[in-house]
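Here, residue 1 is the first one in the sequence, and each next residue gets the next number.
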Amino acid sequence: RLMRRALIIPAMAAALLLAGCGGDGDEDASSTTSPSSSPSASPSVSPSLEGAGFGPFTSEAAGTRVSFLTDVRVAAQAGFDRVALQFDGAVPGYVIEYYDGPYVNTAGEEVDIEGAAFIRLIMEPASGVDLSVDPFVETYEGPDRISSDTVNVTEAVLVDDFEANMVWAIGVNEKKPFAVSILEDPNRLVVDVLQ
């Protein structure tokens, strides 16, 4: 939480400077959509993880509006572990793939992640803080490091949240295929990793 707040201050300063210059894992889903670049997955059952692979899985942002993170869940399912990131608004554009690291945030600090392999999620435009209001509002008040009783996933870790670029990493015990999908009502970006 200190890291996120440390990154908020420079962002606020930049926003104020621009203003002065005249510048401006939940399985109960009611529906599922699949972007053309992402494999489909059922909201509650994904036995084969159709279209699963090692990435990269990519999707362009639907627009320029920042998607605000509100919740992150990590849970074991039948045959796979699920990490779900919930957003207020559309799911942001993303690039999701295995990445060895090191994971370094905007402040230049290395972020340790438990696991033998790591899946990196780069999302844009996305943030856990709404800087468009004064005072700013943290839309994501959850922990920066989340673990659960999962089989392969060790933890999900917030690596960076700066200037509408958000990076999370998923640590896994063993490098296995994963699938990416989007669930609606509420909007979630979901990563299902084989156990």
Side-chain angles (χ1 to χ4, degrees), residues 1-11 25 35 37-39 41 49 51-61 66-77 80-87 91-129 138 140-182 188-195:
R1 307 216 43 94
L2 290 176
M3 175 191 71
R4 189 175 327 137
R5 289 201 176 93
L7 296 175
I8 290 169
I9 303 302
S37 59
S38 299
L49 277 83
F54 295 94
F57 294 97
T58 64
S59 178
E60 294 292 323
V66 176
S67 299
F68 293 109
L69 183 71
T70 58
D71 194 15
V72 179
R73 296 182 184 180
V74 178
Q77 306 291 325
F80 64 97
D81 294 334
R82 174 167 286 183
V83 177
L85 294 88
Q86 182 174 314
F87 292 90
V91 168
Y94 58 80
V95 177
I96 304 174
E97 62 187 333
Y98 275 101
Y99 179 76
D100 292 335
Y103 287 85
V104 179
N105 65 25
T106 305
E109 304 162 333
E110 191 165 323
V111 179
D112 291 326
I113 302 151
E114 182 183 339
F118 314 98
I119 300 170
R120 180 178 64 180
L121 295 76
I122 300 175
M123 296 161 286
E124 182 184 12
S127 182
V129 181
E138 286 191 65
Y140 176 69
E141 297 182 319
D144 294 345
R145 189 174 297 271
I146 304 167
S147 59
S148 184
D149 293 331
T150 45
V151 177
N152 194 11
V153 169
T154 57
E155 63 181 347
V157 178
L158 175 62
V159 174
D160 213 357
D161 182 5
F162 186 68
E163 294 186 347
N165 289 278
M166 179 175 277
V167 179
W168 279 77
I170 301 169
V172 295
N173 289 314
E174 186 178 351
K175 187 174 182 178
K176 290 191 174 182
F178 66 92
V180 176
S181 60
I182 293 176
R188 285 156 290 163
L189 176 59
V190 174
V191 179
D192 290 335
V193 186
L194 281 170
Q195 290 174 345

Subject >> Partners passing side chain to side chain donor-acceptor pair (under 3.5 Å) against N152 (at least two apart in sequence or in another chain) >> reply: none
Original post:
Nearest heavy-atom pair of K176 and L194: which atoms, and what distance?
Top reply: CD-O, 3.6 Å
**OP:** Determine the minimum heavy-atom distance between Y140 and I146, stating which atoms define it.
**Re:** OH-CD1, 3.4 Å
**OP:** Could you pull out the closest heavy-atom pair between F118 and V172, with the gap in Å?
**Re:** N-CG2, 4.5 Å
Original post:
Name the one of V153, I96, T154 that satisfies side-chain contact (heavy atoms from CB on, under 4.5 Å) with I170?
Top reply: V153
Subject >> Closest contact, heavy atoms only, V191 versus F178 >> reply: CG1-CD1, 3.8 Å
**OP:** With sequence neighbours excluded, give me every side chain to side chain donor-acceptor pair (under 3.5 Å) pair touching residues 110-120.
**Re:** E97-R120
**OP:** Give the minimum heavy-atom separation between V91 and S67, together with the two atoms involved.
**Re:** C-OG, 4.0 Å
Original post:
Are the side chain of Q195 and the backbone N or O of Q77 linked by a donor-acceptor pair below 3.5 Å?
Top reply: yes
Subject >> Under the side chain to side chain donor-acceptor pair (under 3.5 Å) test, residues paired with E155 that sit two or more places apart >> reply: R145
**OP:** Would you please name every residue forming a side chain to side chain contact (heavy atoms under 4.5 Å, CB included) with A116, sequence neighbours left out?
**Re:** none
Subject >> Single hit among T70, L189, I182 for side-chain contact (heavy atoms from CB on, under 4.5 Å) with F87 >> reply: L189
Original post:
Could you give the distance from OG (S148) to CZ (R82), rounded to the nearest 0.5 Å?
Top reply: 13.0 Å
**OP:** Output all residues satisfying side chain to side chain contact (heavy atoms under 4.5 Å, CB included) with A156, sequence neighbours left out; order by chain, then residue number.
**Re:** V74, V83, W168
Original post:
Going through the checks in order, is the side chain to side chain contact (heavy atoms under 4.5 Å, CB included) test met by L85 and M123?
Top reply: CA-CA 11 Å; L85 294 88; M123 296 161 286; 3.9 Å; yes
Original post:
From D71 CG over to R188 CZ, what is the distance, rounded to the nearest 0.5 angstrom?
Top reply: 9.5 Å
**OP:** Apply the test side chain to side chain contact (heavy atoms under 4.5 Å, CB included) to residues T106 and N165: give CA-CA distance (whole Å), side-chain angles for both, the deciding distance (0.1 Å), then the verdict.
**Re:** CA-CA 10 Å; T106 305; N165 289 278; over 6 Å; no
**OP:** With side chain to side chain contact (heavy atoms under 4.5 Å, CB included) as the test, would you mind laying out the steps for V157 and Y103 before giving the verdict?
**Re:** CA-CA 10 Å; V157 178; Y103 287 85; over 6 Å; no
Original post:
For the atom pair CG (D160) and CG (D144), what is the distance rounded to the nearest 0.5 Å?
Top reply: 11.0 Å
Original post:
For P177, does its backbone N or O pair with a side-chain atom of Y98 as donor and acceptor, under 3.5 Å?
Top reply: no
Subject >> Atom of E124, atom of A61 and distance for their closest heavy-atom approach >> reply: O-CB, 3.7 Å
Original post:
Under the side chain to side chain donor-acceptor pair (under 3.5 Å) test, which residues partner S127, sequence neighbours left out?
Top reply: D161
